[in-house]
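Working notes, beginning with the structure itself.
Basis for what follows: all heavy atoms, side chains included, without hydrogens, waters or symmetry-related copies. Just so it is clear, the model here is predicted, and its values are computed rather than measured. The sequence lines fix the lettering, A, B, ..., with proteins before strands; numbering per chain opens at 1.
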Number of protein chains: 2
Amino acid sequence: MITLTERQRLILKAIVRDYTEGGNPVGSKSLVQELPVKVSSATIRNEMVRLEDLGLIVKTHLSSGRIPSIKGYRYYVDHILKPEKVDGRDLQVIQHSLGGEFHKIDEIVAQSADILSQLTSYTTFTLRPELKDSRLSGFRLVPLGNHQVMAILVTNNGDVENQTFTIPNDLTGDELEPVVRFIDDQLVGLPLQDVLQQLQREIPLKLAKYLQNPDGFLDIFGSVLSKAASERFFVGGKLNLFNYTAQQNPKTLQSLYSLLDQTDNLANVIGPPGQRIQVRIGNEITNDLLKDYSLITATYDVDRHGKGMIAILGPTAMPYSRMIGLMGAFQRELARKLLDYYRYFDE
Amino acid sequence: MITLTERQRLILKAIVRDYTEGGNPVGSKSLVQELPVKVSSATIRNEMVRLEDLGLIVKTHLSSGRIPSIKGYRYYVDHILKPEKVDGRDLQVIQHSLGGEFHKIDEIVAQSADILSQLTSYTTFTLRPELKDSRLSGFRLVPLGNHQVMAILVTNNGDVENQTFTIPNDLTGDELEPVVRFIDDQLVGLPLQDVLQQLQREIPLKLAKYLQNPDGFLDIFGSVLSKAASERFFVGGKLNLFNYTAQQNPKTLQSLYSLLDQTDNLANVIGPPGQRIQVRIGNEITNDLLKDYSLITATYDVDRHGKGMIAILGPTAMPYSRMIGLMGAFQRELARKLLDYYRYFDE
DNA sequence: AATTAGCACTCCGAGCTTTCGAGTGCTAAT
DNA sequence: ATTAGCACTCGAAAGCTCGGAGTGCTAATT
């Protein structure tokens, strides 16, 4: 456990702030003017030697100013930083953008990623409230004519998933009736996870009683079901990558872009829902591509409708204080909006 | 009209090829070895002076080798180039990727953009066969319970568009019946364009006979309808931008990315369906951001189901011959696949 | 014991110079 | 009409200088 004197903390704080704002290593002379205590540059230099011994700041070369190390950011975030009160205008932007009418959870969550990236100028991810606790509340097969049929799956949370299939022969209501009855009797009310499991074994057996050849139906049902039960990430502000990654080589940028396009990887990056707000800095992120970035994640809680996540990806030199304040506000607003949305389906 | 001697054409052709492959300005000495005719470097230099006077090649500085000008590429494409026979493996990739089973036109067309970008290492756009000639062949309102209703629109080409709406009160079959009857009687069979027009004036009036308060329904119907009637572009290989644009500054790259993300702009870039294969080079493209790139567009024809487009965006120094050959093959394969797909809905 | 002034030392980066090689245009000879 | 020969040009890479910002250390001061 590292303990710092008050003056050392002030110096570390000032170094973090200066470097984050200006992007240049910070020297002892410029600190003299900024510190609230009156000391000479030589004293600051002596203190900096101690901070460096503790591994909190480093030099870029033998006679350069100092920049915070990962450990330094860590200490700053854990022990110095106070979340900034969120700006009134920012709050207004959030409330206004979430204020409109939405017809899908996914729309709200996708929109959230965009707002957050706009407010931060960084890249953001959002994950909708987990689907694993959702229950199947309805399934429809709508014949569209022309050898097409649309399968629609509805959950108790109001999520709707659908897919159109082309089939060899048109279906009639009579053929569908036993299938629909089977679903209603046996599966409605079960968590999607359970249905997904049963799909492997029980369902084909049971369905055999109702249908001659259940394979076609199983494909359709399984496909919509797994679509409905899969996690979905939304990414906002991909273009912002260009802004905070300027000095890097283009290959790295390309890899990053590619990472952000494969949204199924993002689950590993963000990690499971956890404490309310979490900051991971540099190599604390379990992905080598992101070892020079920082990731702020937050879990939002929509009561019994599950938990979701929001995340901000940016440079390690990031205005953490503002970001964390913003995250807190967003967390609350999003949870509130979603609760409001879910009210429809609770009655 | 420019006329060149045979030797001049050979020189221009070699310059285009060398520069396209190597990326460096081409000098007289290296050409000596490559030309099929035996001449000295001095002779080539003399010829190059003439080609430069005609504006077909330029120097990057006073004593550098030559690179083709836009006019030079133009001449090459129009008068020298022969489309390369498409590689057997490439053809196999195309056929295999289009060979699978699809449930939507859009899936096929989106997949096409990906295949083409993979084969070319460039960025590609595809536009599905125009929807404007599609006719409305069905409309459904499916109550999902929980204050939700799904609107489904089907066209005679088998396109299905759907959207879920949250409504204040649950609908019953009885309430929907007159609306569905109205659509069937009055609108089914009409081109989507016509329906869209009527939506402004006639439909609200006529609907008043059937429904007390038609506004809610009009919103829903209009929303799905305009979704169904809108053009949609698919972009493939956005990441490839990083490869063929390396030397450019990152700001340009960012703008380009942004352009490709706003797919509604792409209609202007690609232009209307036209001749079968068209090459636009540098400033011939009506978009300043693309003035250092080339665009190859092709129109594919699916008989009475309309025409669509495919396009390749790459550097001006592009292996045109291979690209055009590939474009031709792709054009045919895609048209064939789509015809095959449409067969279902023709019966 | 903590702080500070003074100073020699380090290193980066911007700008300048040098050098090398590839390429050109021109002239005169073939 | 073609070619050999040659002086000339320019860019890119490598080497150089120099100023500025910053450091650590020592000795003096509080």
Once ring pair (Phe, Tyr, Trp, His ring centres under 6.0 Å) is applied, do any residues pair with Tyr76(B), and if so which ones, sequence neighbours excluded? none
Find the distance between CZ (Arg66(A)) and CZ (Arg45(A)) and round it off to the nearest 0.5 Å. 9.5 Å
Ser40(B) and Thr43(B) side chains, donor-acceptor separation under 3.5 Å: yes
Taking only side-chain nitrogens and oxygens of Arg66(A), does any of them come within less than 4.0 Å of OP1 or OP2 of dG22(D)? no
note: Leu31(A), atom CG; dT23(D), atom C1'; distance rounded to Å ~ 13 Å
Would you mind telling me which of dC12(C), dT3(C), dG22(D) lies closest to the side-chain atoms of Arg7(A)? dT3(C)
I need the CD-P distance between Glu47(B) and dT3(D), as an integer number of Å. 11 Å
Working to the nearest 0.5 Å, report the span between NZ of Lys238(A) and CG of Leu313(A). 13.0 Å
Quick one: is dA21(D) close enough that its OP1 or OP2 comes under 4.0 Å of any side-chain N or O from Ser64(A)? no
Identify which nucleotide among dT10(C), dA4(D), dT23(D) has an atom closest to any side-chain atom of Leu62(A), counting heavy atoms from C-beta outward. dT10(C)
Of His61(B) and Asn46(B), whose nearest nucleotide on DNA chain D comes first from the 5' end? Asn46(B)
What's the closest nucleotide to the Ser63(A) side chain, out of dG22(D), dT4(C), dT3(D)? dG22(D)
Mutual orientation of the aromatic rings belonging to Tyr257(B) and Tyr257(A) [parallel < 30°, tilted 30-60°, perpendicular > 60°]: tilted
Kindly say whether, by distance alone, the side chain of Ser40(B) makes a donor-acceptor pair under 3.5 Å with the base of dT3(D)? no
Starting the side chain at C-beta, find the nucleotide from dT3(D), dA5(C), dG25(C) nearest to Ala42(A). dA5(C)
Between Leu259(B) and Asn265(B), is any pair of side-chain heavy atoms under 4.5 Å apart? yes
Rounded off to whole Å, could you give me the CG-to-P distance for the Leu51(B) and dT24(C) pair? 12 Å
Non-hydrogen atoms of Lys82(B) and Ser321(B) that approach each other most closely: O-OG, 3.1 Å
Looking across every strand, which nucleic acid part, if any, lies under 4.0 Å from Ser41(B) by heavy atom: base, sugar-phosphate, or nothing? nothing
Could you work out which one of dG25(C), dC10(D), dT23(D) sits closest to the side chain of Lys59(B)? dG25(C)
Using whole Å, report how far CZ of Arg45(A) lies from P of dA2(C). 18 Å
Determine whether the side chains of Thr123(B) and Tyr244(B) contain a donor N or O and an acceptor N or O closer than 3.5 Å. yes
Compare the minimum distances between each of dT4(C), dG24(D), dT24(C) and the side chain of Met48(B), then state the nucleotide with the smallest one. dT24(C)
Which stems does DNA chain C form, counting runs of 3 or more consecutive Watson-Crick or G-U wobble pairs with both distances under 3.5 Å? C:1-30 with D:1-30
Base dT2(D) to side chain Thr43(B), donor-acceptor N/O within 3.5 Å cut-off: no
Distance check needed: dG21(C) P versus Lys29(B) NZ, whole Å only. 12 Å
Distance in angstrom units between Leu35(B) CG and dT3(D) C1', rounded: 16 Å
Output the rounded distance in Å from CZ (Arg50(A)) to C1' (dA1(C)). 11 Å
Nearest whole angstrom, please: distance from the P of dA1(D) to the CD1 of Ile44(B). 18 Å
